[in-house]
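Just the heavy atoms: all of them, side chains too, but no hydrogens, waters or symmetry mates, feed the values below.
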Amino acid sequence: MSQQQFKNILNQLNKQKGLIGSSGAVIGLGLLAFTFNQSLFNVDGGYRAVKFSRIGGVKDQVYAEGTHFFIPWFETPVLYDVRAKPRNIASLTGTKDLQMVNITVRVLSRPIAERLPRIYQNLGLDYDERVLPSIVNEVLKSVVAQFNASQIITQREKVSKLIRDQLMNRAGKFDLALDDVSITHVAFSNEFTHAVEAKQIAQQEAQRGFFIVDRAKQEKQSIIVKAEGEAQSAVLIGNAVKNNPGFLELRKLDAAREIAQTVSKSNNKIYVDSETLLLNVKLQTQP
């Protein structure tokens, strides 16, 4: 082999080493970029995050919205939705007068963001499913038992306030915040509903009886007043006839005028005695 051929072989080996080195650098940069990308996690709007470390457990720091760094495999980010979520919870409970009532409460709840590490340690991700049904049922049974069935309806605002205050107090012990608590539905048993309807019918019948009695009293009083008026009128007429004989003639004139008006408006022809119709109004002279 000549010296020139040996140099050519060395040049080709050097070129191949350069290509391998360049490829290795590109691969290294790719792996570095991939590792860096896998070390980032995003927290979307309305969410918060905590980290679980294989070495130290759950960390106390709460991560807000944005992009954050973590160590793959050693650390795991856990996301929490901290927006308020509605939930309807129904409970069958008894009132003070031993009536069964089915009451439904709408709860608007969310986790307290600053206490997410403790929530993750004690309750996990399904914190609302673990806590809300039990405390709502307990508070409903405790509050409703203080009122009669009728008071649940007539004092609904007071009942709702007691339920809201006690639920907020109980939920705070589990690091939950309740933005709103309201009663959405109240239903009683069929027996109680029929009893209420029967009571209303009885009250209506009683009121109708009072009305009938009162009307009878009014009619009786009206008859008495009318009779007293007629008696007084008879006395006055008797006195007038006694003191003034011309009073009868005046009344005859009034009666004759009314009869004449009625006959004149009639379409029928009538032939009767003037004495019968009081039309003979000529004064009779006393001897």
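Considering all non-hydrogen atoms of both residues, S91 and N102 come closest at O-OD1, 3.4 Å. L123 and F174 get closest at one heavy-atom pair: CD1-O, 3.9 Å. Shown here for I119 and P111, the closest heavy-atom pair between the two residues is CD1-CB, 3.8 Å. In terms of heavy-atom proximity, R164 sits nearest to V181 at NH1-O, 3.4 Å. Residues A49 and V43 come closest through the heavy atom pair CB-CG2, 3.8 Å. The shortest non-hydrogen separation linking P117 to V62 is CD-CG2, 3.6 Å.
When the side chain to side chain donor-acceptor pair (under 3.5 Å) test is applied to D126, the partners found at least two apart in sequence or on another chain are R130.
Note that CG of L167 is 8.5 Å distant from CG of L132, once rounded to the nearest 0.5 Å. Separation of atoms CD1 (I89) and CD1 (I103) is listed at 12.0 Å; rounding is to 0.5 Å. In this structure, CD in E129 is found 10.0 Å from OG in S134, a value given to the nearest 0.5 Å.
Under the 4.5 Å side-chain heavy-atom criterion for grouping Ile, Leu, Val, Met, Phe, Trp and Tyr, I55 is not connected to F70 through any hydrophobic cluster. Under a hydrophobic clustering in which Ile, Leu, Val, Met, Phe, Trp and Tyr are joined whenever their side-chain heavy atoms come within less than 4.5 Å, directly or via other members, L125 and L116 fall into the same cluster. The hydrophobic cluster containing I153 also contains L140, counting ILVMFWY residues as joined when their side-chain heavy atoms lie under 4.5 angstrom apart, directly or transitively. No chain of hydrophobic side-chain contacts below 4.5 Å, direct or via other Ile, Leu, Val, Met, Phe, Trp or Tyr residues, connects Y120 to Y47. Connection of M168 to V131 is established within a shared hydrophobic cluster, with ILVMFWY side chains joined at heavy-atom distances below 4.5 Å, either directly or through further cluster members.
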Residue pair F147, T95: steps toward the side-chain contact (heavy atoms from CB on, under 4.5 Å) verdict: CA-CA 6 Å; F147 297 87; T95 61; over 6 Å; no

L176 vs D128, side-chain contact (heavy atoms from CB on, under 4.5 Å): CA-CA, chis, key distance, verdict: CA-CA 8 Å; L176 301 180; D128 53 345; 5.6 Å; no

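Partner of R48 under the side-chain contact (heavy atoms from CB on, under 4.5 Å) criterion, chosen from L79, V82, V78: V82.
Counting heavy atoms from C-beta on, the side chains of I71 and F69 come closer than 4.5 Å. Residues S142 and Q166 have side chains in contact (heavy-atom distance under 4.5 Å, counting atoms from C-beta outward). Side-chain contact between P86 and N88 is absent, with no heavy atoms from C-beta onward closer than 4.5 Å.
Ring-plane geometry between Y80 and Y127 is classed as tilted, the angle between the planes lying from 30 to 60 degrees on a 0 to 90 degree scale. Ring orientation note: the planes of F41 and Y63 are nearly perpendicular, at an angle over 60° on the 30°/60° scale.
Residue pairs meeting the salt bridge (Lys or Arg N to Asp or Glu O under 4.0 Å) criterion with at least one partner in residues 52-62, sequence neighbours excluded, are K59-E75. Listed by first and then second residue, the salt bridge (Lys or Arg N to Asp or Glu O under 4.0 Å) pairs that reach into residues 93-104 come to none, sequence neighbours excluded. For residues 138-154, the pairs satisfying salt bridge (Lys or Arg N to Asp or Glu O under 4.0 Å) are E138-R170, with sequence neighbours left out. The list of salt bridge (Lys or Arg N to Asp or Glu O under 4.0 Å) pairs with a residue in residues 98-116, not counting sequence neighbours, reads R110-D179, R115-D175.
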What side-chain donor-acceptor pairs closer than 3.5 Å can you find for residues 156-163, not counting sequence neighbours?
| from | atom 1 | to | atom 2 | distance (Å) |
| --- | --- | --- | --- | --- |
| R156 | NH2 | I183 | O | 3.0 |
| K161 | NZ | D165 | OD2 | 3.0 |

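Of the possible donor and acceptor atoms, one in the side chain of E65 sits under 3.5 Å from a partner among the backbone N and O of G46. Of the possible donor and acceptor atoms, none in the side chain of N148 sits under 3.5 Å from a partner among the backbone N and O of S150. Put simply, the side chain of D214 never gets that close to the backbone of F210: no donor and acceptor are under 3.5 Å apart.
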